[in-house]
Each structure stands twice: as structure tokens, then as C-alpha cells.
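Fair warning: this is a prediction, and the values are worked out from it, not measured in the lab. Atoms within a ligand are numbered from 1 in the order they appear, just like the ligands themselves. One is the number of the first residue; the rest follow in order along the sequence.
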Amino acid sequence: MISTDHLNLSTSMNKLKTISKLLVVLAASSLVLSCRKAIVEPYKKWGFNSPDYFPAPVYNFENNKQDFKKFTLGRALFYDPLLSSDGTVSCASCHANSHAFAGHNTALSPGVNNLVGTRNSPSIVNLAWSPSFMWDGGINHIEVMPIAPLTNPVEMNESLANIILKLKASERYKKLFREAYGTEEVTDQRILKSLAQFMMMIVSNNSKYDQMKRGEVSFTATEQQGYSLFQQKCSQCHTEPLFTDYSFRNNGLDLTFSDQGRYLITQQSNDLGKFKVPTLRNVLMTYPYMHDGRFYTINQVLEHYNTGVKHTSTLDPLLDNGIPLTASEKTQIIAFLRTLNDDNILTDYWLSEPKE
Ligand code: HEC
Ligand code: HEC
């Protein structure tokens, strides 16, 4: 069903070989200079990949068939600050591959003119399985999703019409649009479909947990104990293998809701203070936590479930008694959560910033 045609790739692959050699040198030097993960040669063939223990994706690939050239355009757009009003902010400014496509470890990621909104930038992995977007689920299609950050005054603060003008004037984009769609014409549809092509490819499926699921590795005793505890206490909401069931719930953060969450969309009082259950894939890399980034450490999150759950009428019934956890249980759960780190998405060549 999903096109895995790699024919278009041969010329790009030749270029890549030269680039990769350069990258190996760069990688070696950046390892010496800092601990940041170096981008390495493509470790896998380009293409959408859904392991057999994942459910079927909800994204309809039939209406936007996987295509390397459209993906390449989307990748360029995702990393390009040209899309913001003052040329300083790109999608990647708040969804960085070095941070598992979440924000740069700040509670609220700054947009243009260093303005900030009210919510924490979520990690945008495995969106092909997500039936809704935003903490309150206010957007239900990935192909309209980018309009929100592009036009939001505290994010990229730009109009689609102006973005189209800027892209039309760019030789680089004339070429990319022609290669992807046959003509140089820049339309909002083409921009949005291409961004969706890129985002669909941000798939996290090679953590230690995944390798364990595939029988390639086994967990240590502590990881296994953490996994059992997780299955008893967390997985009703953070459901395997995507580590969310995509429902909206109140996990007891507040007694009064400065951000009303799901209620803003449904206007139903029983949705007050409910937010989308976030995935826990790569969770140790995506701090700070919760819709407003209030907790900086995973220990604070576990302590919240242990002793901090606030009782309101919309509190999820599963949390009526909180989730009592001893110190050693916390250690075990953290050991398990660490197995959800997927270093591949940090270093995946195809997901990294293109070198033009
Ligand atoms: C200034 C920071 C910022 C920029 C720039 C930004 N985002 Fe986001 N992004 C956020 C925040 C914050 C949220 C959560 C917003 C909410 O829930 O109201 C979000 C949510 C999302 C989501 C929903 C994820 C989910 O699982 O619900 C997607 C998809 C997304 N952004 C894609 C993009 C794309 C594509 C761009 C570029 C066109 C972009 N973002 C630019 C901060 C940013
Ligand atoms: C009743 C459902 C439910 C249960 C049970 C639950 N969670 Fe959550 N969890 C949520 C919701 C909802 C959020 C988002 C709340 C918000 O931001 O307002 C969340 C957020 C989180 C976050 C923050 C993730 C991020 O990216 O911001 C972590 C970490 C987390 N939970 C871990 C756990 C662990 C570990 C357990 C078991 C000890 C657990 N949760 C049990 C519903 C639940």
C-alpha cells in the first residue's frame, strides 16, 4: 500500500556518499568538541516503516503517497527559518532532532522576538498513528497542522501568502518544488503535503524496548521489574507500543485550571483540565514535562503521581488514590523508561537538517 520505490534514490545516493565521507570527518571532530550526537550515514533505507507489533497507522497515505522528492521538500521546509516572519525560527527550533523532536529543554519554547506561548513543545514522533494533534486535540489533520505554528504570533508569526512569496523568490525552492511536483508553482497545499511527508517519517521504533519486543536483546532484572510496574500502574493511559492511548485525561496536576485543556475544544464541563496523554517514547530526553513544562525531572513526575495528585471532579478515576511508589519502584520505573530512548531518531540522516 505504501510506496517503497527507491528508484529515485540512486543519484541522491551518489551525492550522499561524498557527503557522508565529509560527515564522518565532521562527526569525529564534533565528538571531540562536544557530547552532542553526531549525524551518521543513513543506517536504514529511506521509507516509512511500521513494525508488526505497531497498530495500523491512522494517516491515510493514499492521499499523499510517500515520495522521496516531496519528502525532501518537506525536510527543507521543516528546517528553514525563512518560513517565520523575521527569519529566525523554524519548526526545528521547537522540535529539534537532537531532543527527540521536542523543545530545547525549556518549559516554553521561544518563537519570533523571543515571545513564548503557554504550552510545552511536544515530541513529534510517531504522528502517523495520532488521531489528533495539540495538547487539547484541537487539530485533527496533520495536513492543516502546520498552519497553526506558521501563523501563530508567538511562534512563526507569518502568513501563508507571504511564505508563498518568499519561497517563489528562492532558486533553491524553485528546484525543490519542480522536482517534487513537476512545476515551480508554490501553493499552500504543496507546502502542507510536503511537511506532512517529512513528519510522517519521524518514526521511533528502535529503542531497547523495541529491540526487546523483536527478541534482539533482553532487559536487565531492574528494567524488567520496571516494565512490570509500568504495566500495572501506567500503561492504562500510556499504552504500548506507542505509549499513549491518545485519550484526553486529567492526571491531577491542578485544583484550578489556568489552561482548560480539552474543554477549550468541546466546551463540555467534564473535559475541564484534560490533556492528551503524551507518548513516553524518548521521555528521558524530552524534559521538561506536562503541557506547561512544569516538571524538569522525571523524579518530579513520579513524585507527582506518588503524592501530588489533586482531586477535582474531572480527575481520572484511575488516579483516585494516586500511584503510590517506593524509592526502589521509582528507580525501576526510570530504568524501564530509559529503554524507550531511541538514539536512532537523533542521528538519523534523513531526519537531520539537510545540507542543501
Ligand atoms: C515556537 C515554538 C514552535 C514552533 C516554531 C513550532 N512548534 Fe509545533 N508545537 C509547539 C507547541 C508549544 C505545541 C503544542 C501546542 C498546543 O498544544 O497548543 C506544538 C505542537 C505541534 C504538533 C502537534 C503534536 C502532537 O502530538 O499533538 C505538531 C505536529 C507540530 N507542532 C508541528 C510543527 C511544525 C510542522 C512546525 C513548523 C511549521 C512547528 N510545529 C513549529 C511549538 C512550536
Ligand atoms: C490516568 C491516566 C494516566 C496514568 C495512569 C499515568 N499517566 Fe502519565 N500522563 C497522563 C496525562 C493525561 C499526561 C499529560 C498531563 C498534562 O500535561 O496535563 C501525562 C503525562 C506524563 C508524563 C509527561 C510526559 C511529557 O512529555 O510531558 C510522564 C513522564 C508520565 N505521564 C509518566 C507516567 C508514569 C511513569 C506513569 C505510571 C507511574 C503514568 N504516567 C501514569 C495520564 C496518565
Novice: Can you tell which part of Tyr289 has a heavy atom less than 4.0 Å from ligand 2: side chain, backbone, both or neither?
Specialist: both

Novice: For Leu229, which part has a heavy atom under 4.0 Å from ligand 2: side chain, backbone, both, or neither?
Specialist: neither

Novice: Mind checking whether Trp135 contacts ligand 2 via backbone (N, CA, C, O), side chain (CB onward), both or neither, at a 4.0 Å heavy-atom cut-off?
Specialist: side chain

Novice: Under 3.5 Å between some N or O of ligand 2 and some N or O of Asn120?
Specialist: no

Novice: Quick test of your reading of the model: are Glu179 and Lys175 salt-bridged, counting only N-O distances below 4.0 Å?
Specialist: yes

Novice: So, 4.0 Å and heavy atoms of Gln236: is ligand 2 close enough to count as a contact?
Specialist: no

Novice: Is it the case that ligand 2 has an N or O less than 3.5 angstrom from some N or O of His291?
Specialist: yes

Novice: Of the backbone atoms (N, CA, C, O) and the side-chain heavy atoms from C-beta on, which set of Ile142 has a member under 4.0 Å from an atom of ligand 1: side chain, backbone, both, or neither?
Specialist: side chain

Novice: Once you restrict to heavy atoms under 4.0 Å, what part of Pro110 touches ligand 1? Side chain, backbone, both or neither.
Specialist: backbone

Novice: Would you mind telling me if ligand 2 is within reach of the side chain of Leu280, the backbone, both or neither, using heavy atoms under 4.0 Å?
Specialist: side chain

Novice: Which atoms of ligand 2 sit under 4.0 Å from any heavy atom of Ile298?
Specialist: 29 (C)

Novice: How about Cys91: does one of its N, O or S atoms come closer than 2.8 Å to atom 8 (Fe) of ligand 1?
Specialist: no

Novice: Report yes or no: does a heavy atom of Ser109 sit under 4.0 Å from some atom of ligand 1?
Specialist: yes

Novice: Where's the contact between His95 and ligand 1, heavy-atom distance under 4.0 Å: side chain, backbone, both or neither?
Specialist: side chain

Novice: Pick one of side chain, backbone, both or neither for how Leu150 approaches ligand 1, counting any non-hydrogen atom pair under 4.0 Å.
Specialist: side chain

Novice: Begin from the C-alpha positions of Asp292 and Arg294 and carry the test salt bridge (Lys or Arg N to Asp or Glu O under 4.0 Å) through to its verdict.
Specialist: CA-CA 5 Å; Asp292 52 4; Arg294 68 179 65 192; 2.9 Å; yes

Novice: Under 4.0 Å, counting heavy atoms only: does Thr118 come that close to any atom of ligand 1?
Specialist: no

Novice: For ligand 1, is any non-hydrogen atom under 4.0 Å from Met134's backbone (N, CA, C, O), its side chain (CB onward), both, or neither?
Specialist: both

Novice: Can you check whether Phe243 and Tyr209 have ring centres sitting under 6.0 Å from each other?
Specialist: yes

Novice: Tell me which part of Ser90 gets within contact of ligand 1: side chain, backbone, both or neither, using heavy atoms under 4.0 Å.
Specialist: backbone

Novice: Which is it for Cys234 and ligand 2 at heavy atoms under 4.0 Å: side chain, backbone, both or neither?
Specialist: both

Novice: Please check whether Phe230 reaches ligand 2 - meaning an N/O of the residue sits under 3.5 Å from an N/O of the ligand, judged on distance alone.
Specialist: no

Novice: Would you say Thr279 and ligand 2 have an N/O pair spaced under 3.5 Å apart?
Specialist: no

